[in-house]
Each structure stands twice: as structure tokens, then as C-alpha cells.
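Structure, as C-alpha cells:
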Amino acid sequence: MRLNLSREKRFSMFKAFKEINSQDDMAALAEEVLRFWKENGIFEKSVQARGRDKSFVFFEGPPTANGRPGIHHVLARSMKDLVCRYKTMQGYRVERKGGWDTHGLPVEIEVEKALKISGKKQVDEYGIEAFNKKCYESVWTYKELWDDLTDRMGYWVDLKNPYITCDNNYVESVWWVLKQFFDKGLVYKGFKVVPYCPKCGTPLSS
């Protein structure tokens, strides 16, 4: 049976969302949605409601926690979130493993600035072990900013159980993978032209 209802009546029946009248209302609505997700564990439920027999594996390419987050991180994370939510809507279990990049040149440069030293020679004079210790300490400098960004943009990722690149379990897993390649004869010695930094005394990733 077809209901003979006016356009206005049909519209009012399906008017599920309240109208937003000002910018203030938009900000308040965003806070309300984020609070609802957190208080009700919506992200966790979206994972637990789906079986392990249909998984979509996602490991976040980890940001460096001792660098401030920028707008480019928001753009990249929005794209990651889009794909993961889409796969969730398709019925996949998407656990979204977060991570932290805690080593490399960006970390070393930040520590050099803090110590007011520059270049490999001065790092050697300061002491490699002491310098490494400072790098390890500096890694979490901006973690609170990252956590706040993650929450505010509604980015769903598991940061309670992240992989951390300076953690022994992670380091040993990388060496384990490399050994598997070696045992299969997939590791070879070759030559490659790469960018080189004379100040740091190290090749740079291109």
C-alpha cells in the first residue's frame, strides 16, 4: 500500500539529524560525537563485532613522536581512516595497529639542536652512548600533542598496543625477517647511488 503523504510530511518522518545553525553548534556537535565514541567504545566494538576469519590488516606508517604534528599528518591520516572505515563497512575486522617511529635522522637532529651541537664530529665528542640515551629520552616529547590530534580528528587507531621501533621486540622482529630473506637467498651485496649528507656522515633515504 502506498502512503499518500506530502513532501513535507515525508521529510519530517525521516529527519534524523537536528539542524546546525552556527559554527559554535558545529564545534559542540563534534565534541559530542567524540565523547559518545569514547564513552561507548565504538571503535573497539566495530572491531570486536567482526570475526577473525575475515581480516583486513592495517599497520600505520608510524609518525615520529618527537616532531610536532602538522596539517599533512591530518590529510594522510584522513585517507588511512577512510580506507579502514570502508573495509569495516564491508564486514572486515580492521584492528588498525598504531605505531611510533623512534629512531633516525629527524630524532638525531632534534637532539643536536637541544644540545647545541652539530655534525658527526661533535656527536662523537659528546659520546655515542650518551647521545643515544638523549635520543631515546627525546622520542616522546610531543606525544601528548599527537594523542590530542588523534582524538580531535576522530582517527580510529589502536594506540594502547602500538609497535615502537626502538623496542627490542620490534628490533628483533626486523632482524628475524631479514634472516628469513637471507636463508632464502634473497639478500645480496650490490652498489647503489644514494644521497649523502657530509654533515651527518650518513647516506639519506630518497
Side-chain angles (χ1 to χ4, degrees), residues 56-84 95-153 155-206:
F56 179 79
V57 179
F58 176 80
F59 283 78
E60 183 180 25
T64 306
N66 84 324
R68 292 176 185 272
I71 190 65
H72 59 291
H73 293 111
V74 176
L75 293 171
R77 284 180 152 200
S78 295
M79 295 305 295
K80 295 172 191 174
D81 204 37
L82 183 70
V83 171
C84 288
E95 297 198 15
R96 302 170 176 83
K97 186 81 166 175
W100 297 108
D101 187 357
T102 54
H103 67 275
L105 203 52
V107 176
E108 293 171 23
I109 289 171
E110 284 291 313
V111 172
E112 282 186 25
K113 287 178 184 174
L115 294 173
K116 295 181 170 52
I117 62 176
S118 180
K120 188 174 185 302
K121 186 170 183 284
Q122 288 188 323
V123 170
D124 287 342
E125 289 168 359
Y126 182 81
I128 298 297
E129 188 176 347
F131 185 77
N132 283 345
K133 187 167 182 272
K134 284 289 183 187
C135 287
Y136 187 83
E137 290 168 359
S138 82
V139 160
W140 307 115
T141 303
Y142 300 112
K143 186 176 181 297
E144 286 184 13
L145 286 179
W146 280 99
D147 289 343
D148 185 55
L149 174 75
T150 303
D151 284 341
R152 289 304 301 273
M153 66 176 289
Y155 179 48
W156 284 1
V157 66
D158 178 13
L159 287 177
K160 292 176 184 172
N161 307 288
Y163 69 98
I164 303 168
T165 60
C166 67
D167 181 72
N168 280 342
N169 288 329
Y170 177 86
V171 174
E172 288 171 10
S173 71
V174 173
W175 280 109
W176 179 85
V177 169
L178 189 61
K179 185 179 186 302
Q180 306 311 303
F181 289 159
F182 182 82
D183 290 344
K184 289 177 168 52
L186 300 173
V187 177
Y188 65 92
K189 183 178 180 179
F191 299 92
K192 181 180 179 182
V193 176
V194 295
Y196 185 83
C197 176
K199 174 179 171 287
C200 303
T202 179
L204 304 174
S205 57
S206 56

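Sequential numbering from 1 along the given sequence is applied to the chain's residues.
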- Note on the structure: Heavy-atom closest pair (Leu149 atom, Pro69 atom, distance to 0.1 Å) is CD2-CB, 3.6 Å
- Query: Checking Trp146 side chain against Pro63 main chain: does a donor-acceptor pair fall under 3.5 Å?
  - Reply: no
- Item | Interatomic distance, Glu108 atom CD to Ser138 atom OG [nearest 0.5 angstrom] | 10.0 Å
- By side chain to side chain contact (heavy atoms under 4.5 Å, CB included) - contacts of Glu95 (at least two apart): Val47, Arg52, Arg93
- Query: Closest approach of Val111 and Cys135, non-hydrogen atoms and distance?
  - Reply: CG2-CA, 3.7 Å
- Closest approach of Glu110 and Asn66, non-hydrogen atoms and distance? CB-ND2, 3.4 Å
- Show your working on side-chain contact (heavy atoms from CB on, under 4.5 Å) between Val194 and Leu204 and close with a plain yes or no. CA-CA 7 Å; Val194 295; Leu204 304 174; over 6 Å; no
- Message: Can you list everything that forms a salt bridge (Lys or Arg N to Asp or Glu O under 4.0 Å) with Asp151? Sequence neighbours excluded, please.
- Response: Lys38
- Query: How would you list, by chain and number, every residue that makes a side-chain hydrogen bond (donor to acceptor under 3.5 Å, both in side chains) with Lys121, sequence neighbours excluded?
  - Reply: Glu125
- Message: Holding to side-chain hydrogen bond (donor to acceptor under 3.5 Å, both in side chains), I want the full list of residues that pass it with Asn168, two or more places apart in sequence or in another chain.
- Response: none
- Query: What pairs with Lys133 under salt bridge (Lys or Arg N to Asp or Glu O under 4.0 Å), at least two apart in sequence or on another chain?
  - Reply: Glu137
- Glu112 and Ser118 have their tightest heavy-atom pair at OE1-CA, 3.4 Å
- Item | Test side chain to side chain contact (heavy atoms under 4.5 Å, CB included) applied to Val193 - qualifying residues, sequence neighbours left out | none
- Would you call Arg96 and Trp156 a side-chain contact if the rule is heavy atoms closer than 4.5 Å? yes
- Query: Going by the salt bridge (charged side-chain N to carboxylate O under 4.0 Å, His left out) test, which pairs reach into residues 61-80, not counting sequence neighbours?
  - Reply: Glu60-Arg77, Glu60-Lys80
- Output the distance between atom CG (Asn169) and atom CD1 (Ile164), rounded to the nearest 0.5 Å. 10.0 Å
- Task: Kindly state each residue pair satisfying salt bridge (charged side-chain N to carboxylate O under 4.0 Å, His left out) with at least one member in residues 164-187, sequence neighbours excluded.
- Result: Lys179-Asp183
- Message: Nearest 0.5 angstrom please: Met153 CE to Asp148 CG, how far?
- Response: 12.0 Å
- Message: Holding to ring-ring contact (aromatic ring centres under 6.0 Å, His included), I want the full list of residues that pass it with His103, two or more places apart in sequence or in another chain.
- Response: none
- Can you tell me if Lys134 uses its side chain to pair, donor with acceptor, with the backbone of Leu115 under 3.5 Å? no
- Message: List the residues meeting side chain to side chain contact (heavy atoms under 4.5 Å, CB included) with Lys160, not counting sequence neighbours, and say none if there are none.
- Response: Glu44, Asp158
- Restricting to pairs with a member in residues 167-190, which pass ring-ring contact (aromatic ring centres under 6.0 Å, His included), not counting sequence neighbours? Tyr163-Tyr170
- Item | Glu144, CD atom: more than 12 neighbouring heavy atoms under 6.0 Å | no
- Kindly say whether Cys166 contributes a backbone atom to a donor-acceptor pair with the side chain of Thr102 at under 3.5 angstrom? yes
- Message: My understanding is that only residues two or more places apart in sequence, or in another chain, count here; which of them pass side chain to side chain contact (heavy atoms under 4.5 Å, CB included) with Asp147?
- Response: Trp100, Lys143, Leu159
- Item | Validation row: Ile109, Lys113 side chains within 4.5 angstrom (heavy atoms) | yes
- Side chain proximity check, Val107 to Tyr136, heavy atoms < 4.5 angstrom: no
